[in-house]
Q: 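Structure provided below as structure tokens; questions to follow.
Quick note on labels: first sequence line is chain A, next is B, and so on, each numbered from 1. None of these values were measured; they are calculated from a predicted model.
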Amino acid sequence: MWTFLSLYNGPSTISNNCSSPVESGSMEDSKTNLIVNYLPQNMTQEELKSLFGSIGEIESCKLVRDKITGQSLGYGFVNYVDPKDAEKAINTLNGLRLQTKTIKVSYARPSSASIRDANLYVSGLPKTMTQKELEQLFSQYGRIITSRILVDQVTGVSRGVGFIRFDRRIEAEEAIKGLNGQKPPGATEPITVKFANNPSQKTSQALLSQLYQSPNRRYPGPLAQQAQRFRLDNLLNMAYGVKSRFSPMAIDGVTSLAGINIPGHAGTGWCIFVYNLAPDADESILWQMFGPFGAVTNVKVIRDFNTNKCKGFGFVTMTNYDEAAMAIASLNGYRLGDRVLQVSFKTNKTHKA
DNA sequence: TCCCATT
């Protein structure tokens, strides 16, 4: 499972003879800057900072999130002040198990346009082909950063599809030219090699399918119908990258009609109270629900200290009032699984179950 | 026919 550990030996092995003029990024921080992969979906930037801050002083820390939905993309960067701490972090935190994930900690390559979009999707592989054999096939075209063969969740047998990430995009391009439509040694069928989908486009697909598979089974009052339409439009807009067209004026009308109180502080954003979450609810569902309505800066599921199960509610912080109001108008009464959510601005009063 | 590796 940890074959990729051997694939990357740190920045000293990065080839520096790239002919591309784009390759001019600075290398001086390569001994302090780490990339952390395979983070649990619900891990926050604060938790990342906290975990790596236990090693030594952090210069900067960033969890990479989807620009539109705010959902974690499962990886981040940690830049230490002292290179020794970076090294220590690799030695002590690489391979650490967090929930269902095993995180990978390695030196970040210098950021450069030439290393982007270097991920290939490979299908039609012989079911017997191992990850090592896959690497051997592709290694002639460049330096492999990661490789993976997808397996059936239940049987564990190869699905015949996998991924190869090269160090540089031109290497990936060459691999496509050389291997797409070719039969690997001993194989009876040709393989397909193409660039992998962009991770950010998947979010839109997920939202669209979420949209189609969540028929509205709530009680449709006039306001609810209005809110439902808003949510639909927002999800569609988001999926197609179109900016929301709803004006703050209209939102204010809705909120005042609904009799919502003036919410709590707007200092760090607008805090939204979400009630009736399932015991296994996690942060990602809050990102998914609220992200489409605008800038979300924080989500939190309140859990029981002992069982770690959600206590039925959580909070979402949104930057802009109109977007928060739209989210509330749209999501209050939203049916999540077999539960109908209550969504409102957080008040100072204690909520009772 | 898609595993979350470039801020």
Q: Establish, with yes or no, whether the OP1 or OP2 oxygen of B/dC3 is under 4.0 angstrom from a side-chain nitrogen or oxygen of A/Arg159.
A: no
Q: Rounded to whole Å, how long is the line connecting atom CD1 of A/Ile164 with atom C1' of B/dC3?
A: 11 Å
Q: Looking only at the side chain of A/Tyr121 (C-beta and beyond, no hydrogens), which of the listed nucleotides B/dA5, B/dT1, B/dT6 gets closest?
A: B/dT1
Q: Taking only side-chain N and O atoms of A/Lys101, does any of them lie within less than 4.0 angstrom of OP1 or OP2 on B/dC4?
A: yes
Q: Output the single nucleotide from B/dC2, B/dA5, B/dC4 whose closest atom is nearest the side chain of A/Arg148.
A: B/dC4
Q: A/Gln153 CD to B/dC3 C1': how many Å, rounded?
A: 11 Å
Q: Could you check whether A/Leu150 gets within reach of a base, just the sugar-phosphate, or nothing at all, counting any heavy atom under 4.0 Å?
A: sugar-phosphate
Q: If you take atom types as modelled and just measure distance, does the side chain of A/Arg109 reach the base of B/dT6 with a donor-acceptor pair under 3.5 Å?
A: yes
Q: What residue among A/Leu51, A/Leu34, A/Leu98 forms side chain to side chain contact (heavy atoms under 4.5 Å, CB included) with A/Leu93?
A: A/Leu51
Q: Answer yes when A/Asp280 and A/Lys309 have at least one side-chain N-carboxylate O distance shorter than 4.0 Å, and no when they do not.
A: no
Q: Name the closest nucleotide to the A/Asn119 side chain, picking from B/dC4, B/dC3, B/dA5.
A: B/dC3
Q: Verify the contact: side-chain N or O of A/Ser111 to OP1 or OP2 of B/dT7, cut-off strictly under 4.0 Å; return yes or no.
A: yes
Q: What's the CZ-P distance between A/Arg143 and B/dT6, to the nearest Å?
A: 14 Å
Q: Could you tell me how far apart A/Tyr107 (OH) and B/dT6 (C1') are, to the nearest whole angstrom?
A: 17 Å
Q: Measure OH/A/Tyr38 against P/B/dC4 and give the value in whole Å, please.
A: 6 Å
Q: Sequence neighbours left out, what passes ring pair (Phe, Tyr, Trp, His ring centres under 6.0 Å) with A/Tyr121? Give chain and number order.
A: A/Phe163
Q: Whole Å only: how far is the CZ atom of A/Phe195 from the P atom of B/dC4?
A: 20 Å
Q: Can you identify which nucleotide, out of B/dT7, B/dA5, B/dC3, has its nearest atom closest to the A/Phe163 side chain?
A: B/dC3
Q: Nearest to the side chain of A/Arg165 - B/dC3, B/dA5, B/dT7?
A: B/dA5
Q: Between A/Phe345 and A/Tyr321, what is the ring plane arrangement, given parallel below 30°, perpendicular above 60°, and tilted in between?
A: parallel
Q: Return the 5'-most residue of the pair A/Asn37, A/Ser123 with respect to DNA chain B, ranking by each residue's nearest nucleotide.
A: A/Ser123
Q: Listing request: all side-chain hydrogen bond (donor to acceptor under 3.5 Å, both in side chains) pairs with a residue in residues 177-196 of chain A, at least two apart in sequence or in separate chains.
A: A/Glu174-A/Lys177
Q: Take atom CZ of A/Phe77 and atom P of B/dT7, then tell me their distance rounded to the nearest Å.
A: 6 Å
Q: How close or far is atom P of B/dC3 from atom CG of A/Leu134, stated in whole angstroms?
A: 16 Å
Q: Between A/Val64 and A/Gln41, just flag the one whose closest nucleotide in DNA chain B comes earlier from the 5' side.
A: A/Gln41
Q: Let's see if you can work this out: which of B/dC4, B/dT6, B/dT1 has an atom nearest to the side-chain heavy atoms of A/Leu73?
A: B/dC4
Q: Charged N to carboxylate O under 4.0 angstrom, A/Glu283 versus A/Arg303?
A: yes
